[in-house]
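Here the structure comes first, spelled out in structure tokens, and everything after it is commentary.
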Amino acid sequence: MGTLGAVLKHPDDFYPLLKLKMAARYAEKQIPPEPHWAFCYTMLHKVSRSFALVIQQLGTDLRNAVCIFYLVLRALDTVEDDTSIPTDVKVPILKAFHRHIYDRNWHFPCGTKHYKVLMDEFHHVSTAFQELGKGYQEAIEDITQRMGAGMAKFICKEVETIDDYDEYCYYVAGLVGLGLSKLFHASGKEDMPSDSLSNSMGLFLQKTNIIRDYLEDINEIPKSRMFWPREIWSKYVDKLEALKYEENSDKAVQCLNDMVTNALIHAEDCLTYMSALRDINIFRFCAIPQIMAIGTLALCYNNIEVFRGVVKMRRGLTAKVIDQTKTMADVYGAFYDFSCMLKSKIDYAHPNAFKTSSRVEAIQKTCQDSGLLNKRKSYVVKSGPRYNSAMIVVFFIILAIIFSYLSATRPNN
């Protein structure tokens, strides 16, 4: 009913949602027959349906490399995230993980649900990894080694300063950006960009996730996971967990806005990185998550719900982004529209308001200077719900047809 209500409120979401559903079913049918590759792609669909869809933009060889890269780092992340693993056990595993990917007999029981299955049957990932081209293998091994060492460092170290925060995000996400750039280059489809631009691509996504996932991380059992830097949150409360209490709502929102302002510093680098991409499939693969990030930051900004539950873009808007992001004009348009949304929420009584405004205006200027804003569809920000009666009628007709078909094909009891 939630999706139905959202479609009625935003009827122009219906067609992109339908296309997304069809794309998801198509992707599930494209799973390779070999057992190890079947496991990898099936697991990819289970641990990240959105990534499994976006990865379909890539050609077969590069798609396989990115799939294995993602699963290797997801497994590494599962070890880091499992707060039940003693430090003296966890740290050596993180540091040696780049060697485990060559061992078809290695596995380590940890994690929950789909992640536990991934770790228990990691030999499938190792087998697939060893079938990749040498250039892909070297890139994945290098990034895995550096990320594992960085994660091990922060197991024993808290995120105190903004420099610590940037360093942690570099290890867990900036290196992902660098690794993907290496894979794109190894495929022969892209030039190798600067490390700083690749790093910003990862940091923009990671900082968005850290902001959005505050409540989930702080409520982690048996031990909270705290990634917000003390240098920021200590200006507002004495303890990071205090932000979730209702009596601290005003301070919590001010702290949240400070965190969002920090994340926005990477947006212009991301636009520079994406504008240099030549291959349309790689471009879409990179652009869709970045648009989702700027959209999520716009929703989170000045929003107390970050400390009460989950704040995310509605499914219809996500489907629309996936469907309609095809050119750099679409990216500039989305970044411009979402930055306008964020700017409209700035409370100039808050301590970082003018810094936030300055960073938003810098993003908007980059988009305007591109000269492409008039060449894209403005599909992100609307002045209000569009109740298109014709679309609503068509929607219910399609629902009736689907219901009739399902009823006709249902086996007799």
Side-chain angles (χ1 to χ4, degrees), residues 23 48 50-70 73 133 135-136 139-140 142-143 170 173-208 263-295 318 320-339 362-377 379-380:
S48 179
S50 58
F51 189 81
L53 282 173
V54 174
I55 202 176
Q56 294 302 316
Q57 313 300 326
L58 304 175
T60 304
D61 288 347
L62 183 55
R63 181 170 68 241
N64 286 344
V66 173
C67 172
I68 298 308
F69 184 49
Y70 182 89
L73 299 189
Y136 292 140
I140 293 172
D142 173 54
I143 297 302
Y170 163 75
L175 283 172
V176 178
L178 181 58
L180 286 172
S181 294
K182 287 188 171 189
L183 294 180
F184 300 155
H185 182 63
S187 74
K189 297 180 183 297
E190 298 291 350
D191 295 328
M192 191 67 193
S194 70
D195 287 359
S196 62
L197 292 180
S198 299
N199 183 49
S200 284
M201 288 286 284
L203 262 63
F204 194 56
L205 299 181
Q206 182 66 19
K207 289 185 176 184
T208 299
L264 291 175
I265 200 169
H266 305 290
E268 291 166 86
D269 275 355
C270 293
L271 291 171
T272 301
Y273 180 102
M274 289 183 284
S275 67
L277 295 172
R278 301 192 305 260
D279 184 271
I280 180 61
N281 298 317
I282 292 175
F283 169 77
R284 278 175 49 77
F285 172 80
C286 293
I288 290 168
Q290 298 295 335
I291 292 176
M292 299 292 292
I294 187 71
T318 298
K320 200 177 292 185
V321 169
I322 293 173
D323 180 48
Q324 298 185 10
T325 301
K326 294 180 171 64
T327 68
M328 205 51 213
D330 298 322
V331 174
Y332 284 127
F335 268 67
Y336 185 82
D337 287 345
F338 278 126
S339 61
I363 295 169
Q364 291 175 329
K365 185 177 186 302
T366 298
C367 296
Q368 290 168 330
D369 289 349
S370 72
L372 297 174
L373 287 183
N374 63 340
K375 298 181 180 181
R376 103 294 187 194
K377 298 175 183 176
Y379 61 89
V380 175

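Residue indices begin at 1 and follow the sequence shown. Computed from a predicted structure; not experimentally measured.
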Would you confirm whether [X], through its side chain, and [Y], through its main-chain N or O, come within 3.5 Å as a donor-acceptor pair?
X	Y	answer
S339	Y336	yes
R284	I322	yes
E190	S181	no

Contact summary for [X] and [Y], nearest pair of heavy atoms:
X	Y	value
A173	Q206	CB-CB, 3.3 Å
L183	A139	CD2-CB, 3.9 Å
C270	Q290	SG-OE1, 3.5 Å
L205	P289	CD2-O, 3.4 Å
C67	I55	N-CD1, 3.5 Å
A329	L372	CB-O, 3.7 Å

Donor-acceptor side-chain pairing of D330 and T327 below 3.5 angstrom = yes
Measuring from atom [atom1] of [X] to atom [atom2] of [Y], what distance do you get when rounded to the nearest 0.5 angstrom?
X	Y	atom1	atom2	answer
I363	E268	CD1	CD	6.5 Å
F283	I288	CZ	CD1	9.0 Å
H266	L271	NE2	CG	13.5 Å
L197	L178	CG	CG	11.0 Å
M328	S370	CE	OG	7.5 Å
C367	D369	SG	CG	9.0 Å

Looking at side-chain heavy atoms only, is the closest gap between [X] and [Y] below 4.5 Å?
X	Y	answer
Y136	I68	no
P193	F184	no
S200	Y273	no
I294	L264	yes
I291	F338	yes
L180	F285	yes

Can I282 and L62 be said to form a side chain to side chain contact (heavy atoms under 4.5 Å, CB included), step by step?
-> CA-CA 9 Å; I282 292 175; L62 183 55; 3.7 Å; yes
Could you check whether the rings of Y70 and F51 sit parallel, tilted or perpendicular, using 30° and 60° as the cut-offs?
->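 Parallel.
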Side chain to side chain contact (heavy atoms under 4.5 Å, CB included) assessment of R278 paired with D191 | CA-CA 9 Å; R278 301 192 305 260; D191 295 328; 2.9 Å; yes
Step by step, would you call T60 with R63 a side chain to side chain contact (heavy atoms under 4.5 Å, CB included)?
-> CA-CA 5 Å; T60 304; R63 181 170 68 241; 3.6 Å; yes
Report the C-alpha distance between F335 and M274 in whole Å, list the side-chain angles of each, state the deciding distance to 0.1 Å, and finish with yes or no for side chain to side chain contact (heavy atoms under 4.5 Å, CB included).
-> CA-CA 12 Å; F335 268 67; M274 289 183 284; 4.3 Å; yes
NZ/K326: more than 12 non-hydrogen atoms of other groups inside 6.0 Å |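 It does: K326 NZ has more than 12 such atoms within range.
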